[in-house]
Amino acid sequence: QSYCIRLQHDIYFLTSSSRLNEQVVDKIVLQLNRVYPQILTNAEAEKFRNPKASLHTRLSDLLKHLQKNGERHCQEFYRALQINAEHLYNDLPSRKILKTTDPTVIDTDKEKCMLNDRGPVFFLTCFSAAAAFALFWYCSDSDTKVLGKARRILGFSPIIIGRHVRKICMLYLEDLSRI
């Protein structure tokens, strides 16, 4: 959408129920005058900052003046509004229309989260279960050579698995070797 059309949709929202106070309007006018002097001349800025006129009238006149002067003027108004009143800028009806998206479009960031939602704890749990199953399978063989190798591996691995688990596995291996 062009900024002029957006401003046309937002005029009622901006001018109704004192959404913009006098200080914010003055800041916007000063920014449009000082930062972008081609947007508002000194005389126009004084006219829109005149405290004798009501705020509603000055704001309405300013918005109509910007619309009349074209796209760039409206764009700079939105930039000034965003800088000086971001909460109001985010609540504009035209911004809400721009935020709505086509429901058939796939959000790739959301899709990435959906594929990776389990996290590292789930991976470690699955890996530990697979390692325990492999160790059990390896140790359940009745071949005494295998039991000796397993006992050596478990004997030198207090860091990998806890001491209590290691003692239980060693007792299990000793019971298997007696059979």
Side-chain angles (χ1 to χ4, degrees), residues 1-135 159-162 165:
Q1 273 185 331
S2 74
Y3 287 98
C4 289
I5 294 172
R6 285 178 57 191
L7 189 58
Q8 188 175 5
H9 290 292
D10 294 334
I11 282 179
Y12 180 74
F13 178 81
L14 291 169
T15 57
S16 67
S17 67
S18 303
R19 294 190 194 277
L20 287 172
N21 61 25
E22 193 159 337
Q23 292 173 340
V24 175
V25 173
D26 285 345
K27 286 179 183 179
I28 290 171
V29 169
L30 286 175
Q31 182 173 350
L32 292 174
N33 175 245
R34 291 186 180 153
V35 178
Y36 306 104
Q38 64 274 17
I39 303 292
L40 288 179
T41 63
N42 288 336
E44 291 169 338
E46 288 301 318
K47 174 185 162 190
F48 297 127
R49 293 187 67 218
N50 183 6
K52 293 178 182 175
S54 72
L55 179 64
H56 184 290
T57 306
R58 288 186 288 150
L59 185 59
S60 297
D61 291 343
L62 172 66
L63 297 176
K64 289 175 186 173
H65 173 77
L66 293 172
Q67 271 188 318
K68 182 178 71 173
N69 287 331
E71 186 72 18
R72 183 149 190 281
H73 290 69
C74 296
Q75 181 181 4
E76 296 307 330
F77 169 76
Y78 276 109
R79 185 172 294 150
L81 182 65
Q82 183 179 14
I83 291 169
N84 294 300
E86 188 164 351
H87 64 284
L88 185 64
Y89 175 78
N90 290 330
D91 291 340
L92 290 172
S94 64
R95 295 272 305 157
K96 290 179 181 178
I97 291 171
L98 291 174
K99 286 180 184 177
T100 57
T101 59
D102 185 11
T104 58
V105 175
I106 296 173
D107 186 7
T108 56
D109 293 333
K110 188 175 180 182
E111 187 70 24
K112 286 179 188 176
C113 292
M114 288 175 60
L115 293 175
N116 300 328
D117 65 344
R118 295 227 165 92
V121 176
F122 179 75
F123 170 75
L124 289 175
T125 305
C126 290
F127 182 75
S128 299
F133 180 71
L135 183 64
I159 297 173
I160 297 173
I161 56 177
V165 175

Is there a donor-acceptor contact under 3.5 Å from the side chain of [X] to the main chain of [Y]?
{"X": "N84", "Y": "A80", "result": "yes"}
{"X": "E71", "Y": "S2", "result": "no"}
{"X": "N33", "Y": "A45", "result": "no"}

Going by heavy atoms in the side chains, are [X] and [Y] under 4.5 Å from each other?
{"X": "E76", "Y": "L66", "answer": "no"}
{"X": "S94", "Y": "Y78", "answer": "yes"}
{"X": "L30", "Y": "V35", "answer": "no"}
{"X": "L20", "Y": "T15", "answer": "no"}

Can you tell me how far [atom2] of [Y] sits from [atom1] of [X], rounded to the nearest 0.5 angstrom?
{"X": "F48", "Y": "H65", "atom1": "CZ", "atom2": "NE2", "value": "5.0 Å"}
{"X": "L59", "Y": "K64", "atom1": "CG", "atom2": "NZ", "value": "10.5 Å"}
{"X": "E22", "Y": "R49", "atom1": "CD", "atom2": "CZ", "value": "9.0 Å"}
{"X": "T41", "Y": "E46", "atom1": "OG1", "atom2": "CD", "value": "10.0 Å"}
{"X": "F77", "Y": "L14", "atom1": "CZ", "atom2": "CG", "value": "5.0 Å"}
{"X": "I5", "Y": "D10", "atom1": "CD1", "atom2": "CG", "value": "12.0 Å"}

Give me the atom names and distance for the closest heavy-atom approach of [X] to [Y].
{"X": "Y89", "Y": "R6", "value": "OH-NH2, 4.1 Å"}
{"X": "N21", "Y": "L55", "value": "C-CD2, 3.8 Å"}
{"X": "I39", "Y": "L32", "value": "CB-O, 3.7 Å"}
{"X": "C4", "Y": "Q67", "value": "O-NE2, 3.2 Å"}

- request: Could you go through the side chain to side chain donor-acceptor pair (under 3.5 Å) check for T57 and S54 one step at a time?
  value: CA-CA 5 Å; T57 306; S54 72; 2.7 Å; yes
query: Going by an N to O cut-off under 4.0 Å, is there a salt bridge joining D26 and R58?
result: yes
Residues E44, K47: salt bridge by 4.0 Å N-O rule: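 Salt bridge absent between E44 and K47.
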